[in-house]
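These numbers come from a predicted model, not from an experiment.
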Amino acid sequence: MVQKFKNFYHLLNAWYWAWRCGWPGKKLYVIGVTGTDGKTTTCTLIYEILKAAGLKADYITTVNSEGLHTTNPDPSLLQPLLKKMVEKGMTHCVLEVTSHGLDQNRVMGIDFQIGVLTNITHEHLDYHGTMEKYIEAKSKLFKYVKYAVLPNFQFEILNLKSNPNVKIFKYRKSKIKNVSMALVGDYNLYNLAAATEVARILGIEKWVKLVARSFSGVPGRREEVPNKKGFRVFVDFAHTPNALENVLTQLRKETKNRLICVFGCTGERDKEKRP
């Protein structure tokens, strides 16, 4: 009940800032990307493909917008950012969307044209309580979109009955072989496949291979630290069971001897994912 009251406040706050900024989220072609893992990489790939195709695009993710405390920022920050995009003549925006942001109405006033799901695994149950509630929050992104891009292996996990006119595009692991080192690993090939489906919807898929070859990666995502010590060092943002398993499985394939993992386990959040 308390959270519902807070969410009503968030709704009013979102409405106010969207109105104050002139409803910029309705003046852009907005592509929303949600999921437990892979959102930032997928958003960045889509943005790079849009840019390669010559479209005037911008994006908001965990790492590319300075000063943001959360992935899906408060409307008081988000709406002014969208307004600046409109003022700069941008036509497309790629937006990383979280379950918290969806549940708390932070993206109210934004007309999403395409909704993308990377995956849904164990995360944020300290907030949502159950996986069912977590999935329900993620589903809100797809309530009004024209196109839904969903992983084939989790196609039926979302409830899309509230949007019977949505056009669904399912994707499997990308078969593009010549990819940059930043996209090594099956999990990244799924991210690339999701971005490819978005490009196909927009009719710019011919630019996907170019971006896949030249993609420089995202800071903190399989980011290699150059050194002359005789061993390789990677920094990765993996902080969910699924993400940690995927990155370690891939690095095990690339490691001849010992693979040493140093990770944190912060308190006051989802304790169930620690084991």
Side-chain angles (χ1 to χ4, degrees), residues 1-11 13-15 18 25-26 29-43 46 60-62 70-75 78 93-172 187 190-191 193-195 197-198 201 240-243 269-270 272-273:
M1 184 61 69
V2 174
Q3 189 58 51
K4 287 184 178 180
F5 178 78
K6 289 181 178 179
N7 288 352
F8 181 69
Y9 161 77
H10 289 305
L11 178 64
N13 184 50
W15 186 94
K26 297 181 180 293
Y29 192 104
V30 185
I31 302 161
V33 180
T34 194
T36 305
D37 303 306
K39 295 187 296 296
T40 303
T41 298
T42 303
C43 280
I46 295 170
I60 300 174
T61 70
T62 306
T70 56
T71 299
N72 202 159
D74 184 83
L78 176 59
C93 171
V94 187
L95 181 60
E96 188 171 347
V97 186
T98 66
S99 60
H100 288 77
L102 289 163
D103 188 62
Q104 296 174 5
N105 303 302
R106 294 181 204 163
V107 293
M108 197 286 296
I110 300 174
D111 287 348
F112 290 96
Q113 303 295 313
I114 303 176
V116 181
L117 176 69
T118 55
N119 51 64
I120 295 182
T121 61
H122 188 122
E123 177 67 321
H124 299 312
L125 297 193
D126 57 310
Y127 175 87
H128 295 288
T130 65
M131 281 297 293
E132 289 73 22
K133 291 291 185 180
Y134 180 42
I135 294 170
E136 182 182 331
K138 292 288 189 187
S139 298
K140 290 182 178 180
L141 174 62
F142 302 89
K143 194 171 183 178
Y144 301 109
V145 297
K146 292 182 179 179
Y147 308 99
V149 177
L150 308 174
N152 187 68
F153 62 91
Q154 285 190 323
F155 164 62
E156 296 180 352
I157 198 169
L158 293 181
N159 179 13
L160 300 179
K161 293 180 180 179
S162 61
N163 188 0
N165 297 320
V166 65
K167 295 181 180 178
I168 298 172
F169 290 76
K170 293 185 284 186
Y171 66 89
R172 294 179 173 83
Y187 57 99
Y190 280 106
N191 296 334
E197 289 303 312
V198 173
I201 292 169
T240 67
N242 178 65
R269 293 296 296 271
D270 187 352
E272 291 182 18
K273 72 180 182 181

Less than 4.5 Å apart, any side-chain heavy atom of [X] and any of [Y]?
{"X": "V166", "Y": "Y147", "answer": "no"}
{"X": "V145", "Y": "I114", "answer": "no"}
{"X": "R106", "Y": "D74", "answer": "no"}
{"X": "T98", "Y": "K39", "answer": "yes"}
{"X": "F112", "Y": "Y144", "answer": "no"}
{"X": "L95", "Y": "V33", "answer": "no"}

Smallest separation among heavy atoms of [X] and [Y], with atom names:
{"X": "R172", "Y": "A193", "answer": "O-CB, 2.8 Å"}
{"X": "L11", "Y": "M108", "answer": "CD1-CG, 3.6 Å"}
{"X": "V149", "Y": "A194", "answer": "CG1-O, 3.9 Å"}
{"X": "F142", "Y": "A148", "answer": "CD2-CB, 3.8 Å"}
{"X": "L141", "Y": "G115", "answer": "CD2-CA, 4.2 Å"}
{"X": "A14", "Y": "N105", "answer": "CB-O, 3.2 Å"}

I'd like to check the side chain to side chain donor-acceptor pair (under 3.5 Å) partners of [X]; sequence neighbours left out, ordered by chain and number.
{"X": "N163", "result": "none"}
{"X": "K26", "result": "D111"}
{"X": "D37", "result": "T240, N242"}
{"X": "T41", "result": "none"}

So if I apply the side-chain contact (heavy atoms from CB on, under 4.5 Å) rule between V30 and each of I110, V107, V94, V97, which one comes out positive?
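Of the listed residues I110, V107, V94, V97, the side-chain contact (heavy atoms from CB on, under 4.5 Å) partner of V30 is I110.
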Identify the residue among L117, T118, I120 that makes a side-chain contact (heavy atoms from CB on, under 4.5 Å) with T34.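 Of the listed options, the one satisfying the test is L117.
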For residues 139-153, which residue pairs pass the salt bridge (charged side-chain N to carboxylate O under 4.0 Å, His left out) check, not counting sequence neighbours?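 Salt bridge (charged side-chain N to carboxylate O under 4.0 Å, His left out) check on residues 139-153 returns D103-K140.
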Let me confirm one number: the [atom1]-[atom2] distance from [X] to [Y], rounded to the nearest 0.5 Å.
{"X": "K138", "Y": "T36", "atom1": "NZ", "atom2": "OG1", "result": "5.5 Å"}
{"X": "I31", "Y": "C93", "atom1": "CD1", "atom2": "SG", "result": "8.5 Å"}
{"X": "E136", "Y": "S99", "atom1": "CD", "atom2": "OG", "result": "11.5 Å"}
{"X": "Y171", "Y": "N152", "atom1": "OH", "atom2": "CG", "result": "10.0 Å"}

Worksheet entry | For Y29, all residues meeting ring pair (Phe, Tyr, Trp, His ring centres under 6.0 Å), sequence neighbours excluded |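 Listed in chain order: H92.
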Checking the side chain of S139 only, and the main-chain atoms of L158 only, is there a donor and an acceptor separated by less than 3.5 Å?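 No.
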Worksheet item: Would Y190 and T42 count as having a side-chain donor-acceptor pair, cut-off 3.5 Å?
Response: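 Per modelled atom types, Y190 and T42 side chains form no pair under 3.5 Å.
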Discussion item. For Y187, give me all partners under side-chain contact (heavy atoms from CB on, under 4.5 Å), at least two apart in sequence or on another chain.
Written reply: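 Checked Y187 against side-chain contact (heavy atoms from CB on, under 4.5 Å); matches are R222, N246, V247, Q250.
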